[in-house]
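Below: one structure, written as structure tokens.
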Amino acid sequence: MLKMLPIKNGVWKASRLRIPTPPPPPPSLHRFRSSASLTVIAPSNVASSGEPDIVPDNLGLAETTSSSVAKPVIPTALQPRVVIYDGVCHLCHRGVKWVINVDKYRKIKFCCLQSEAAEPYLRLCGVDREDVLRRFIFIEGLGQYHQASTAALRVLSYLPLPYSAVSTLSIVPVPLRDAVYDYVAKRRYDWFGKTEDCLVLREPEMLERFIDAEEILKRRRSQSSSV
């Protein structure tokens, strides 16, 4: 671009005006996406191969020492806020039934540990069935799960008031809370009893809240036909 500059005796001289070079554009945002933002969410009825992942609708991490962070893996859209519990335990079944009755917004879902549907969740969290028999597990969101007393308090936090207020007990030190939990868990069969199969089979009206409902119903039909 030229610019005219005045010199002596009214004579003008052309001079080239330098235009500053604009700064380079910022790097493309796709280079900085986290692994969570790249998760592909597929419908739950779509079958795919590989390891599962969870639909990330709740990605905040709880600040508790008994909580564990699982490594995200290849997604197949598992569901969040799922309780994996010992389905043959009478005490566990009573707790699940109570949560279903008070959870009017249907935020929490369930799965019997004895079901095959529990396996992808266990792999995702890096635990086995023996771990969950000792301490039930609550998968809250992508790469996030809790066990024992912390799991119970996190479940309560999703319930309406006044029940969610009980979750404030999370201020109690984890070792103390888990000591009470483990004491009861080790004696639950002696105190409350157990059955040979998932207790929810006796109450099929609860199955709409179970991610393994189809598997349980199939098992129920199989038992009925064998009688």
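What you see is a predicted model, and the numbers here were worked out from it, not measured in a lab.
Tracing side-chain contacts under 4.5 Å through hydrophobic residues (I, L, V, M, F, W, Y), one reaches W98 starting from F138; they form part of the same cluster. One hydrophobic cluster holds both F192 and Y183 under the rule that ILVMFWY side chains link at heavy-atom gaps under 4.5 Å. Residue L217 is grouped with residue F210 when hydrophobic side chains (ILVMFWY) are merged at heavy-atom distances under 4.5 angstrom, including chains of intermediate members. A continuous path of Ile, Leu, Val, Met, Phe, Trp and Tyr side chains, each step under 4.5 Å between heavy atoms, connects V102 with V200, placing both in one hydrophobic cluster. In the hydrophobic clustering of this structure, V180 does not group with L153; members are Ile, Leu, Val, Met, Phe, Trp, Tyr whose side-chain heavy atoms approach within less than 4.5 Å, directly or through other members.
A donor-acceptor pair under 3.5 Å is formed between the side chain of D131 and the backbone N or O of D128. Within the 3.5 Å criterion, the main-chain N or O of V172 finds a donor-acceptor partner in the side chain of R177. For the pair D178 (side chain) and S149 (backbone), a donor-acceptor distance under 3.5 Å is present. Remark: the backbone N or O of A118 is not paired with any side-chain donor or acceptor of D212 at under 3.5 angstrom. In terms of modelled atom types and a separation under 3.5 Å, the side chain of E215 and the main chain of E116 share a donor-acceptor contact. The closest donor-acceptor contact from the side chain of Y121 to the backbone of Q79 lies under 3.5 Å.
Residues L122 and L113 form a side-chain contact, since some pair of their non-hydrogen atoms from C-beta on lies under 4.5 Å apart. Contact check for V184 versus L91: side-chain heavy atoms found under the 4.5 Å cut-off.
Here the shortest heavy-atom pairing between H146 and A151 reads O-CB, 3.5 Å. Nearest heavy atoms, C89 versus Y189: CB-CE2, 3.8 Å. Minimum heavy-atom separation, A213 to L207: CB-O, 3.4 Å. Closest approach of D103 and Y158 over heavy atoms only: OD1-O, 4.5 Å. Scanning all heavy atoms of the two residues, the minimum distance from I216 to C112 falls at CD1-SG, 4.1 Å. Minimum interatomic distance between R188 and L133 (heavy atoms only, all atoms of both residues): NH2-O, 2.8 Å.
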Derivation and outcome, side-chain contact (heavy atoms from CB on, under 4.5 Å), residues R106 and E208: CA-CA 10 Å; R106 300 171 177 265; E208 61 179 345; 3.3 Å; yes
Stepwise side-chain contact (heavy atoms from CB on, under 4.5 Å) test for E119 and R129: CA-CA 9 Å; E119 185 61 31; R129 295 182 187 274; 3.3 Å; yes
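Expressed to the nearest 0.5 Å, how far CZ of R209 lies from SG of C111 amounts to 14.0 Å. Note that NE2 of H93 and SG of C198 are 10.0 Å apart. Values are rounded to the nearest 0.5 Å. With values rounded to the nearest 0.5 angstrom, T150 atom OG1 is found 11.0 Å from E140 atom CD. Here D86 contributes atom CG and R135 contributes atom CZ; the two are 15.5 Å apart, rounded to the nearest 0.5 Å. Remark: L199 CG to H90 NE2 distance equals 5.0 Å, nearest 0.5 Å. Note that NZ of K107 and NZ of K109 are 11.0 Å apart. Values are rounded to the nearest 0.5 Å.
A perpendicular orientation is assigned to the rings of Y85 and F110, their planes being inclined by more than 60° (bins at 30° and 60°).
Within 6.0 Å of CD in E214 there are 12 or fewer heavy atoms belonging to other residues, nucleotides or ligands.
For S167, the side-chain contact (heavy atoms from CB on, under 4.5 Å) partners two or more places apart in sequence, or in a different chain, are S157.
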